[in-house]
K.L.:
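Let me begin by handing over the structure; questions about it come next.
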Amino acid sequence: MTEIASKKISTQVDRQFEIIRRGTAEVISEEELKSKLAKSIETGRPLKVKEGFDPTAPDIHLGHTVTLRKLRQFQDLGHEVIFLIGDFTGLIGDPSGRDTQRKRMTPEEVQQNAETYKKQVFKILDPDRTTIDFNSRWLKEMTFEDVLGLCAHCTVARILERDDFLNRYRSGKPISMLEFLYPLAQGYDSVALEADVELGGTDQKFNLLVGRELQRDYGQEPQVIITMPLLVGTDGTEKMSKSTGNYIGINEAPKEIYGKTMSIPDEAIYDYFLLLTDLSHPQLDEIKRDLQKGEVNPMEHKKALAHKIVTIYCGREAAEQAAGEFEKVFGRKELPDEIPLFKIQSERDSLWIVRVLTGSGLCSSSGEARRLIAQGGVYVDGERIDSVDSELDISRERLIKVGKRRFLKVVSDKVGTASGGKA
RNA sequence: GGAGGGGUUCCCGAGUGGUUAAAGGGAGCAGACUGUAAAUCUGCCGGCGAAGCCUUCGGAGGUUCGAAUCCUCCCCCCUCCA
């Protein structure tokens, strides 16, 4: 190879490396990554970049997108992504861990979840450079002998090093053998796929490392592992996840995505920019400075953030609309553009306010309705309801507001059926 | 196989016969404030048109005027010993 050619490669390597490194928590190891990149550029063979996904939760939220976006960057650099659905444990049905309800899934269910995944995931990934695979393809074929052979590669002490295992073990929480084997199974995925790179959240570090070791034991060049920081949820402390309910789904309505983003604590703004958008380092630094100095209202940055995120998943127009709506409802305390109409079944013109709230679904129980009224959180046509015993005339359309952001028009089913109640 | 500890409301976690719909924290919700569905403060936080009543403390029985608390059996988990 000429000197010029090798120089060219090394520039390319540096360029790719910088893109890949942005926002990562850890790259093990950077040197290996560079050498893999160099080889790939040299030979024209794309790197196989793998990430595994749980088959049970096909609701993709911003937390997932942190690594997905990183995968996309690999694709844009010409590499191949393997989106691996860990259906095997789903087929077995792991009875342990936090989620004791996790039950055995049928192949049909797994297939269905995979379809849902596809629909959502290609909002981020490039379908042409993505291979979707299932680890049951090789794990199911393994004999007990194979499994034992695999187990011999890892010691109990090594497995117990894993932080969450150790914590659970120490605090007397159950760990099933299946969970113990889990890292090995995941690691073996890398062997089966001959992965060059594996991505995951920082909580996956251990599993990813096992993959490296197994590959080495099976005579392969170990994969590079890249961990991404865990995105905090809307509560600002817990990791974003479906089960804690602090997530922002990429399939949600634009105004929900916008509003939920606005509800993150100010401290989380920087991380969100870093992990969820393509802002350059100078831009990120500027935001960091602003937030630290406190001269710029953090809200402004948060609005920009919310706008960007909605733009990515719903388009610019939807973002404009969501921003406008937010401004209107929470800035100027006006009514949202569209308020659904609920026709409540009643033969009378007048109905007890609590009945209206529960009957329309605004409140889940009459206790909640009473509480809300008592606390001054219920308005009808702009007037605060001050008595739990109030009757409401619903022969005409009434606008009910509960708290800051629950709006509903209610009317008796007797009237308005023909008119449709347009506002 | 033996010995001991434990399963509490959305989550964590107190409670060992009545004063317990069950401390405390978290989450959630509301109000106030505000530049934000940030932060902070205050309040609410099983169900019932709410006086009172009903359901809840792993499951099923039992003791008692009265049980999350005591007894029996069962299920599940943990620790130590082998």
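To find a chain, count down the sequence lines: A is the first, B the second, and so on, and within it residues start at 1.
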K.L.:
Start with the C-alpha gap between A:Glu161 and A:Arg158, add the side-chain angles, then the distance that decides, and say whether salt bridge (Lys or Arg N to Asp or Glu O under 4.0 Å) holds.
P.N.:
CA-CA 5 Å; A:Glu161 276 174 28; A:Arg158 178 85 183 90; 2.7 Å; yes
K.L.:
Distance between the C1' atoms of B:G17 and B:G2, in whole angstroms?
P.N.:
33 Å
K.L.:
Ring stacking, A:Phe330 with base of B:A37, under 5.5 Å and under 30°?
P.N.:
no
K.L.:
Can you tell me the pairing partner of B:A32 across any strand shown, Watson-Crick or G-U wobble, with both distances under 3.5 angstrom?
P.N.:
B:U40
K.L.:
Taking any strand in view, what nucleotide pairs with B:A51 in a Watson-Crick or G-U wobble way, both distances under 3.5 Å?
P.N.:
none
K.L.:
Quick one: do A:Phe206 and A:Phe165 satisfy ring-ring contact (aromatic ring centres under 6.0 Å, His included)? Show the steps, please.
P.N.:
CA-CA 11 Å; A:Phe206 180 86; A:Phe165 278 162; 7.3 Å; no
K.L.:
Look through every strand shown and name the nucleotide pairing with B:G24 as Watson-Crick or G-U wobble, where both distances are under 3.5 Å.
P.N.:
B:C12
K.L.:
Under 4.0 Å from OP1 or OP2 of B:A38: is there any side-chain N or O of A:Ser263 that close?
P.N.:
no
K.L.:
Mark yes or no for a side-chain to base donor-acceptor pair under 3.5 Å between A:Arg371 and B:A30, with no hydrogen or angle criteria applied.
P.N.:
no
K.L.:
Between B:G47 and B:U42, how far apart are the two P atoms, rounded to whole Å?
P.N.:
25 Å
K.L.:
Please report the distance separating the P of B:G59 from the corresponding atom of B:U9, rounded so that it comes out in whole Å.
P.N.:
10 Å
K.L.:
If only side-chain N and O atoms of A:Arg370 are considered, is one of them under 4.0 Å from the OP1 or OP2 phosphate oxygen of B:A50?
P.N.:
no
K.L.:
Suppose you measure atom C1' in B:C70 against the same atom in B:C80; what distance do you get, rounded to whole Å?
P.N.:
28 Å
K.L.:
Verify the neighbour count for atom CD of A:Glu18: are there more than 12 heavy atoms of other residues, nucleotides or ligands below 6.0 Å?
P.N.:
yes
K.L.:
If B:U79 has a Watson-Crick or G-U wobble mate with both distances under 3.5 Å, name it; if not, just say none.
P.N.:
B:A3
K.L.:
For A:Lys288, check side-chain hydrogen bond (donor to acceptor under 3.5 Å, both in side chains) against everything at least two apart and list the hits.
P.N.:
none
K.L.:
Applying a 3.5 Å limit to both distances, which nucleotide forms a Watson-Crick or G-U wobble pair with B:A68?
P.N.:
none
K.L.:
Counting the atoms with a prime plus P, OP1 and OP2 as sugar-phosphate, which does A:Gly259 contact under 4.0 Å by heavy atoms, base, sugar-phosphate, or nothing?
P.N.:
base
K.L.:
Tell which nucleotide pairs with B:G17, taking only Watson-Crick or G-U wobble pairs whose two distances are both under 3.5 angstrom.
P.N.:
none
K.L.:
Determine whether any donor atom in the side chain of A:Thr261 lies under 3.5 Å from an acceptor atom in the base of B:A37, or the reverse, and answer yes or no.
P.N.:
no
K.L.:
Show your working on ring-ring contact (aromatic ring centres under 6.0 Å, His included) between A:Tyr218 and A:His153 and close with a plain yes or no.
P.N.:
CA-CA 10 Å; A:Tyr218 280 79; A:His153 287 285; 5.3 Å; yes
K.L.:
Would you mind telling me which of B:G31, B:U79, B:U36 lies closest to the side-chain atoms of A:Met299?
P.N.:
B:U36
K.L.:
Is any side-chain nitrogen or oxygen of A:Ser365 closer than 4.0 Å to OP1 or OP2 of B:C48?
P.N.:
yes
K.L.:
Work out how far the C1' atom of B:A22 is from that of B:A68, and round it to whole angstrom.
P.N.:
8 Å
